[in-house]
Amino acid sequence: MKITVLCVGKIKEKFFRMAVDEYVKRLGRYCQLEIVEVADEKTPDGASLKEEEQIKEKEGERILKHLKPSAHVIALAIEGKGLSSEELADKMERLGVAGTSHITFVIGGSLGLSDKVLKRSDMLLSFSKMTFPHQLMRVILLEQIYRSYRIIQGEPYHK
């Protein structure tokens with residue numbers, strides 16, 4: 001299966017980059033992984049709600065350009081459905097059995113995702129009601145994808 005992680009912004013911190021690289025390496029034996037980064041917009045201090053919506057729209061247009069029509073799109077959103085690791089593994093396995101060959105996970109920028117991206121998504125997934133930096137969220141997502149493949153393969157994983 002092909003897994004794309006489509007993200008707004010680049011990872012600047014070395015420690016996050018090292019963690020991402022480690023999971024990219026580990027996932028190589030389970031799937032074809034691609035990480036796509038789109039440019040983020042700078043949010044001025046004290047931005048109005050209208051300015052924030054415009055920023056999300058600009059980032060959203062960049063995201064939409066990279067979404068393949070055949071991909072099953074799972075957007076990370078606080079308002080999404082929370083799943084256990086086992087439930088995420090089951091979801092990914094069921095998609096594969098049903099013939100889905102490409103899953104795209106979308107991580108928005110600091111303001112979240114535009115309405116257009118949310119509407120294009122096949123599923124909204126929440127990791128928590130808490131807000132995480134998008135750089136850290138990339139590491140957490142990759143770890144959970146890796147954990148899902150370990151569960152699917154019946155391999156041991158840390159509980």
What's the spacing between [X] [atom1] and [Y] [atom2] if we round to 0.5 Å?
X	Y	atom1	atom2	answer
Lys91	Ile103	NZ	CD1	8.5 Å
His134	Leu111	NE2	CG	10.0 Å
Leu141	Ile107	CG	CD1	5.0 Å
Ile151	Tyr146	CD1	OH	11.5 Å
Leu6	Lys68	CG	NZ	9.5 Å

### Task
Apply side-chain hydrogen bond (donor to acceptor under 3.5 Å, both in side chains) to Asp122 and list each qualifying residue two or more places apart in sequence or on a separate chain.
none
Is any side-chain heavy atom of [Y] closer than 4.5 Å to one of [X]?
X	Y	answer
Gln135	Val20	no
Ser85	Leu88	no
Arg150	Tyr30	yes
Ile145	Phe105	yes
Arg138	Ile35	yes
Met92	Tyr149	yes
Leu118	Glu79	yes

Result block: side-chain N/O donor-acceptor pairs under 3.5 angstrom for residues 54-61, not counting sequence neighbours:
{"unit_1": "Lys56", "atom_1": "NZ", "unit_2": "Glu53", "atom_2": "OE2", "d": "3.2"}
{"unit_1": "Glu59", "atom_1": "OE2", "unit_2": "Glu41", "atom_2": "N", "d": "2.9"}
{"unit_1": "Glu61", "atom_1": "OE2", "unit_2": "Lys116", "atom_2": "NZ", "d": "3.3"}

### Task
For a side-chain contact (heavy atoms from CB on, under 4.5 Å) with Phe16, tell me which candidate from Lys12, Glu13, Lys14, Met18 qualifies.
Glu13
### Task
Have a look at Arg62 and tell me which of Val38, Asp40, Val8 forms a side-chain contact (heavy atoms from CB on, under 4.5 Å) with it.
Val38
Is there a path of hydrophobic side-chain contacts, each under 4.5 Å between heavy atoms of I/L/V/M/F/W/Y residues, joining [Y] to [X]?
X	Y	result
Phe127	Met130	yes
Met137	Leu33	yes
Leu95	Val73	no
Ile3	Leu83	yes
Met123	Leu67	no

Does [X] pair with [Y] as a salt bridge, N-O distance under 4.0 Å?
X	Y	value
Asp21	Arg17	yes
Arg147	Glu86	no
Lys81	Glu87	no

Keeping the roles fixed (side chain from [X], backbone from [Y]), state whether a donor-acceptor pair exists under 3.5 Å.
X	Y	result
Ser126	Ser128	yes
Glu93	Asp90	no
Ser114	Val117	yes
Ser148	Gln144	yes

### Query
Should Val5 and Val36 be marked as a side-chain contact (heavy atoms from CB on, under 4.5 Å) after you check the CA-CA gap, both sets of side-chain angles, and the distance that decides it?
CA-CA 6 Å; Val5 177; Val36 177; over 6 Å; no
### Query
Do Thr4 and His102 pass the side-chain hydrogen bond (donor to acceptor under 3.5 Å, both in side chains) test, and can you show the C-alpha distance, the side-chain angles, and the key distance before you say yes or no?
CA-CA 8 Å; Thr4 299; His102 187 187; 2.7 Å; yes
### Summary
Of all heavy-atom pairs linking Gly108 and Leu113, the shortest is CA-CD2, 3.4 Å
### Query
With a 3.5 Å cut-off and no angle check, do the side chains of Thr104 and His72 form a donor-acceptor pair?
no
### Message
Go through it in stages, so that I can follow the logic: the residues are Ser101 and Met1, the test is side-chain contact (heavy atoms from CB on, under 4.5 Å), and I'd like the CA-CA distance, side-chain angles, deciding distance and then a yes or no.
### Response
CA-CA 5 Å; Ser101 61; Met1 178 170 300; 5.7 Å; no
### salt bridge (charged side-chain N to carboxylate O under 4.0 Å, His left out) assessment of Arg29 paired with Glu155
CA-CA 13 Å; Arg29 65 185 283 231; Glu155 297 171 352; 3.5 Å; yes
